[in-house]
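These numbers come from a predicted model, not from an experiment. Just so it is clear: chains get the letters A, B, ... in the order the sequence lines come, proteins before strands, and each one is counted from 1.
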Amino acid sequence: MNRLEQKTVKVVVYDGEGSQSISAEESYEAISGLLNNGFTVARITSKSELGISNTTPQLVLGKFDGKQLNGAESGAGASTVRLSEFPSSDPNTVSEIAEQYRQEQDAFDHSSWKPWFPVIDYDRCTNCMQCLSFCLFGVYGVDDEQQIQVQNQDSCKTNCPACSRVCPEVAILFPKYKAGPINGAPVSQDDLDREKMKVDISSLLGGDVYSMLRNRSVQAQSRFSKERSSDKALNERKKCLDKLKQDIDIPAEVLMSLPSSDEILEKAEQAKLRGEEALAAIRNSPNSSKLGSS
Amino acid sequence: MAENERILYCNCTYAKVVPEATKREVLKALCSSGRPFNAVADLCEMSARKDKTLGELAEVENLKVVACFPRAVHWLFSGSGFPLEKKQVQVFNMREKPAGEIISDLLETELQEADSAPATGPAS
Ligand code: SF4
Ligand code: SF4
C-alpha cells in the first residue's frame with residue numbers, strides 16, 4: 001500500500017450538551033497543536049454532528065467528567081469512536097493523546113511528506129498531453145476517456161514546478177508555489193504571453209529541455225575543472241543550464257538528483273511515447289470531444 | 001449561521017506560503033466564535049490522498065473554505081475526485097487577504113444576519 005492509501009484518524013473537539021464548556025484559548029491551543037502535527041480536526045457543538053463521519057476512526061475529546069455521551073460511540077457509519085477527557089490543565093497534551101490514538105489505530109503519520117504535486121485547472125486544459133510527454137517521473141497519466149490526470153502525486157519532485165512551465169495554457173498549478181499564476185492566482189494576459197515567451201526561449205536554447213538536462217553531468221564535471229571551464233562549448237552548455245534553471249525554476253537539488261543521462265533519455269522517450277499514444281487514442285476515438293491540441 | 005453551512009479552515013501545515021500571523025488570527029477567531037468548524041492540516045495533502053472527508057465537505061450546501069487561492073482550492077477538490085459546485089462555495093484567501101477582513105467576511109455577516117433574523121426563526 002502506498003503512502004497515499006494509508007489509514008488516517010480524525011480528532012473531534014466536542015463542546016456541547018453533556019460536557020462542560022471548553023474556553024476559546026483552550027480550544028485554540030489544542031486545535032493549532034493538532035493541526036501542526038498533521039491531524040484533521042472538527043470542532044462540534046452538537047452530538048448529531050458526530051454522525052456525519054465516514055469510516056475514519058474518531059477520537060472525541062471533551063470535558064465529560066467521566067460521564068458517557070449517549071449515542072456518541074455508535075455514531076452512524078463511524079468504524080471507531082473513542083471518547084477521551086479533554087486535558088484542561090494542559091491543552092498542549094491533546095496532540096500527545098491524539099498521537100497515541102493514531103498509533104493504536106495503526107494509522108499513518110502523513111506529515112512525513114511535503115505535499116508538492118501538480119493540480120490541473122480543467123477550465124484551461126486543452127488535453128494537449130505536453131505535460132505527460134514532459135514528465136520523467138510518471139506523475140501524469142490518462143483516464144479511461146484519455147483525459148489527462150495527475151495520477152502519482154507522490155512521485156513529483158518537491159519544489160520543482162517545471163511541468164507548469166511547459167503547459168501552453170497555464171493550466172498546471174502548484175498550490176504551494178511562491179508566485180502566481182502557478183500558485184493558483186488568476187491568470188492574466190501577461191502571464192499567457194510570458195508563458196509563450198518561455199517556450200520560445202527554451203527552443204532557442206536547444207529546442208528541447210531534455211537535451212539541456214542531459215548536459216548537466218558535463219556541467220557538473222566542468223565546475224571542478226579549470227581547463228574544461230575554458231572550453232567554449234562547455235561554457236555554452238553551462239549557460240543553457242543556468243538559463244533553464246532560472247526560466248523554469250528547477251531547483252538545483254532536483255537537477256542533481258536526476259538519473260544518469262542515458263536513463264533521462266530513456267525516460268524522456270517513454271514519456272513522449274505515452275503522450276503520443278494518448279493523443280492517437282483521442283484521434284481514433286469515435287467520441288473525440290476531449291481532443292488534444294498543441 | 002446559515003442552515004447547512006460548514007466552515008473549513010486549512011492550516012497549510014507543510015509549507016510556509018500562508019502568513020503565520022494570518023493563520024493564527026483566523027483560527028483564534030474561529031475558536032472564539034463558538035461555531036462548529038472543520039480544520040485540516042493541509043488540504044493539498046488530503047487531496048493527494050483523496051481523503052473521504054473532502055467528499056463529505058463537497059456535499060455541504062453552503063461551504064466556506066478558508067485557505068488560499070480559490071482556483072487552487074477548487075481544483076484540489078476536483079483532483080481528489082470530489083468536485084465542488086462553484087456556486088455553493090466561498091473561498092477566503094489567507095495568502096492575500098488580511099486576517100481582519102477574512103474574519104469579518106466569514107463571521108460578522110452571520111452575526112448581522114442573526115441580529116436581523118426574526119426571533120421566532122425562519123418564516124418558512
Ligand atoms: S500541458 Fe496540455 S494536457 Fe497538460 S495541463 Fe497543460 S493543457 Fe492540459
Ligand atoms: S490548499 Fe492552499 S492553504 Fe491549503 S495546504 Fe494547499 S496551498 Fe496550503
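- Comparing A:W116, A:F39, A:F117 by how many heavy-atom pairs each has under 4.5 Å with chain B, the most go to A:F117.
- Comparing B:L27, B:V40, B:L43, B:V18 by heavy-atom pairs within less than 4.5 Å of chain A, the highest count is held by B:L27.
- Looking only at distances, a side-chain donor or acceptor of B:T13 sits under 3.5 Å from a matching main-chain atom of A:L35.
- For B:R95, the part lying near chain A is the side chain, with the backbone staying farther off; criterion is any non-hydrogen pair under 4.5 Å.
- How far NE2 of B:H74 is from CG of A:L173: 12.0 Å, rounded to the nearest 0.5 Å.
- Considering only heavy atoms from C-beta on, B:S47 stays 4.5 Å or farther from A:V119 through its side chain.
- The CG atom of A:D154 sits 12.0 Å away from the CZ atom of B:R49 when rounded to the nearest 0.5 Å.
- Atom CG of B:D51 is separated from atom OG1 of A:T40 by 5.5 Å, given to the nearest 0.5 angstrom.
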| task | For B:W75 and A:V150, run side-chain contact (heavy atoms from CB on, under 4.5 Å): C-alpha distance rounded to whole Å, both residues' side-chain angles, the deciding distance at 0.1 Å, then the answer. | result | CA-CA 11 Å; B:W75 294 113; A:V150 178; over 6 Å; no
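- B:R71 places a side-chain N or O within 3.5 Å of a backbone atom of A:P181 that can act as its donor or acceptor partner.
- The cationic atom of A:K114 (NZ for Lys, CZ for Arg) does not lie both less than 6.0 Å from the six-membered ring centre of B:Y14 and within 45° of the ring axis.
- In terms of heavy-atom proximity, A:Y122 sits nearest to B:S78 at CD1-OG, 4.5 Å.
- Each of B:G79, B:C44, B:A15 has some count of heavy-atom pairs under 4.5 Å with chain A, and the biggest count is that of B:C44.
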| query | Checking side-chain contact (heavy atoms from CB on, under 4.5 Å) for the pair A:N183/B:C68: CA distance, chi angles, key distance, verdict? | reply | CA-CA 9 Å; A:N183 61 13; B:C68 57; over 6 Å; no
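- Highest contact tally toward chain A, considering only B:A39, B:A41, B:A72, is held by B:A39 [criterion: heavy-atom pairs under 4.5 Å].
- Heavy-atom pairs under 4.5 Å with chain B were tallied for A:P186, A:A24, A:S21; the largest tally goes to A:A24.
- Using modelled atom types, one side-chain atom of A:R43 and one backbone atom of B:G34 make a donor-acceptor pair closer than 3.5 Å.
- Note that the NZ atom of A:K176 and the CD atom of B:E45 stand 9.0 Å from one another [nearest 0.5 Å].
- Counting heavy-atom pairs closer than 4.5 Å to chain B, the top-ranked of the candidates A:I120, A:V41, A:V187, A:D121 is A:D121.
- Separation of atoms CG (B:N11) and OG (A:S32) is listed at 7.5 Å; rounding is to 0.5 Å.
- Within the 4.5 angstrom heavy-atom criterion, no atom of A:D15 approaches chain B.
- No more than 12 heavy atoms of other residues, nucleotides or ligands shown are found within 6.0 angstrom of NZ on B:K97.
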